[in-house]
2 protein chains.
Amino acid sequence: MDTLAATETFRDYLSRYITYTDEEWAIASKGFVFSTLKKKAYFAEVGKVSNELGFIYKGSARYLHIRNGEEITNYFTFAPDFISAYKSFLRREPGHNYIQMLEDSELVIVTHKHWHFMLEHPQLAHKTERLGRLIAEHYLCCYDDRVASFVTKSPEERYLELLDEGKEVIQRIPQHYIANFLGITPVSLSRIRRRILA
Amino acid sequence: MDTLAATETFRDYLSRYITYTDEEWAIASKGFVFSTLKKKAYFAEVGKVSNELGFIYKGSARYLHIRNGEEITNYFTFAPDFISAYKSFLRREPGHNYIQMLEDSELVIVTHKHWHFMLEHPQLAHKTERLGRLIAEHYLCCYDDRVASFVTKSPEERYLELLDEGKEVIQRIPQHYIANFLGITPVSLSRIRRRILA
DNA sequence: TTAAAACGTTAACAAAAGATAAGAAAAACA
DNA sequence: TGTTTTTCTTATCTTTTGTTAACGTTTTAA
């Protein structure tokens with residue numbers, strides 16, 4: 001996909017939150033950067049301040065921690081979606097997790113500098129503030145669901161729930177990543193699967 | 001506390017996110033409503049669209065679900081803080097949880113209508129959008145931590161973590177609520193406590 | 001293409017959690 | 001104050017999960 005098409009895909013994705021006029025979009029998109037990341041490459045790393053907000057229009061990624069020397073996969077993202085070490089990006093602090101590509105991927109990058117340019121540019125500021133608010137609100141609601149499922153459901157129920165929604169996740173992701181995502185061990189997930197099939 | 005003092009407490013709390021000028025604040029605060037809720041009263045209920053964003057300046061509350069006929073406490077809030085059925089408030093959908101006061105409480109209420117008045121008023125719009133964004137971002141980061149603790153830590157570790165941070169929670173909240181919050185049963189929390197003391 | 005690494009399942013045992021019930025202590029309240 | 005309700009702990013038993021290790025299969029990469 002060329003950069004123009006990528007930019008349009010991004011614009012189209014954003015339209016669920018906000019619609020910039022052509023003129024506004026011309027100003028905003030001038031600052032976008034395009035990036036290709038190979039499978040296993042890192043978009044964000046522990047200990048580094050993430051200066052980039054990414055829009056992944058091709059590919060996928062996983063979020064992971066290292067815990068007692070072991071990788072624990074936290075979350076997945078599939079194109080088209082945002083990809084970001086929010087906390088690090090927003091607070092300008094060193095991050096606590098890695099973001100690694102699951103396949104060769106292509107992204108539109110909004111640097112921290114450009115994001116703030118958009119937040120301060122007279123013509124873009126208001127819509128950009130709203131965009132930022134709506135995006136944060138959207139993910140807030142997602143997190144709310146996720147926490148609720150940890151609090152009110154058993155691992156088996158969480159897995160069944162995932163089967164219902166996350167068709168893509170189930171088919172494209174190694175099972176031990178999914179186990180981590182559910183907060184259990186890979187061995188335990190394997191047993192749950194056997195239990196369900198029986 | 002009288003309504004003027006309450007309004008000032010609210011303004012002071014908001015100053016961590018944004019500072020309205022006196023003139024702006026005069027416009028904004030005109031629409032605030034004041035509410036007193038007794039212990040056990042509900043701020044939000046399942047099945048009802050929440051039309052109110054609350055700022056609790058005195059008191060505390062818990063968020064809870066009903067699951068198989070049993071209450072499951074999800075979260076706690078202590079003054080001063082926001083209190084809101086976000087998902088319901090933001091999306092105008094019937095809510096999936098209750099918010100119940102843990103003690104007699106006093107709140108500043110921003111109705112959905114007034115919030116949108118603030119988002120659209122020429123003098124307030126920009127700061128209000130930013131306020132909304134910063135609040136959402138703040139809670140997003142909180143949720144991120146909470147999910148990470150479910151994914152990477154055992155119930156016992158989550159409890160120890162809570163002991164470190166949440167002094168208030170530990171002392172003022174019944175233990176079976178805390179057990180719910182940690183995603184385990186009250187019996188299990190009791191055993192964890194014995195294990196730790198030994 | 002071949003060697004190495006990663007993946008998923010299963011087994012065996014230990015540790016922890018869920019469910020249920022009983023009883024004591026504390027808190028609510030009338 | 002006295003009674004009821006709530007809260008917390010403990011015990012027993014069952015179920016589930018964690019841990020470690022083994023094995024066959026698939027994928028990766030040299």
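For clarity, every value in this text was computed on a predicted model and none was experimentally measured. Here is the naming used below: chain letters follow the sequence lines, and residue numbers restart at 1 for every chain.
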Can you tell me how far [atom2] of [N] sits from [atom1] of [X], to the nearest Å?
X         : N       : atom1 : atom2 : result
Gln171(A) : dG8(C)  : CD    : P     : 14 Å
Glu70(B)  : dT6(D)  : CD    : C1'   : 14 Å
Ile178(A) : dC7(C)  : CD1   : C1'   : 12 Å
Leu182(A) : dG8(C)  : CG    : P     : 13 Å
Glu156(A) : dG18(C) : CD    : P     : 14 Å

Item to complete: Starting from the 5' end of DNA chain D, give me the residue, Pro186(A) or Tyr177(B), whose nearest nucleotide shows up first.
Response: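 Comparing both residues, the 5'-ward one is Tyr177(B).
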Worksheet entry | Lys40(B) or Ile192(A), whichever maps to the more 5' nucleotide of DNA chain D |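 Its nearest nucleotide being more 5', the pick is Lys40(B).
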Worksheet item: Does Phe181(B) have Arg146(B) sitting over its ring (NZ/CZ under 6.0 Å from centre, angle to axis within 45°)?
Response: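 That pair qualifies as a cation-pi contact.
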Given [options], identify the nucleotide with an atom nearest to the side chain of [X].
X         : options                   : result
Val187(B) : dT19(D), dA19(C), dC7(C)  : dA19(C)
Arg193(B) : dT17(D), dT9(D), dT7(D)   : dT9(D)
Ser188(B) : dA17(C), dG18(D), dT10(C) : dA17(C)
Arg191(B) : dA17(C), dG8(C), dA29(D)  : dA17(C)

Please state whether the phosphate of [N], meaning OP1 or OP2, lies under 4.0 angstrom from any side-chain nitrogen or oxygen of [X].
X         : N       : answer
Arg195(A) : dT17(D) : yes
Thr185(A) : dG18(D) : yes
Ser190(B) : dC8(D)  : no
Gln175(B) : dT6(D)  : no
His176(A) : dG8(C)  : yes

Worksheet item: For the ring pair Tyr13(B) and Tyr57(B), is the centre-to-centre distance below 6.0 Å?
Response: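 Not under 6.0 Å, so no.
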Worksheet item: Is it true that Phe32(A) and Phe10(A) have ring centroids separated by less than 6.0 Å?
Response: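 Between Phe10(A) and Phe32(A), which both carry aromatic rings, the centre distance is below 6.0 Å.
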Discussion item. Please verify the inter-ring angle class for Tyr86(A) with Tyr63(A); under 30° counts as parallel, over 60° as perpendicular, anything in between as tilted.
Written reply: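 Rings of Tyr86(A) and Tyr63(A): parallel, as their planes differ by under 30°.
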Practice prompt. For the pair His114(A) and Phe117(A), name the ring-plane relationship: parallel under 30°, tilted 30 to 60°, perpendicular over 60°.
Written response: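 Aromatic pair His114(A)/Phe117(A) classed parallel.
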Worksheet item: Is Ile184(A) touching bases, backbone alone, or none of the nucleic acid, heavy atoms closer than 4.0 Å?
Response: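 Result for Ile184(A) = sugar-phosphate.
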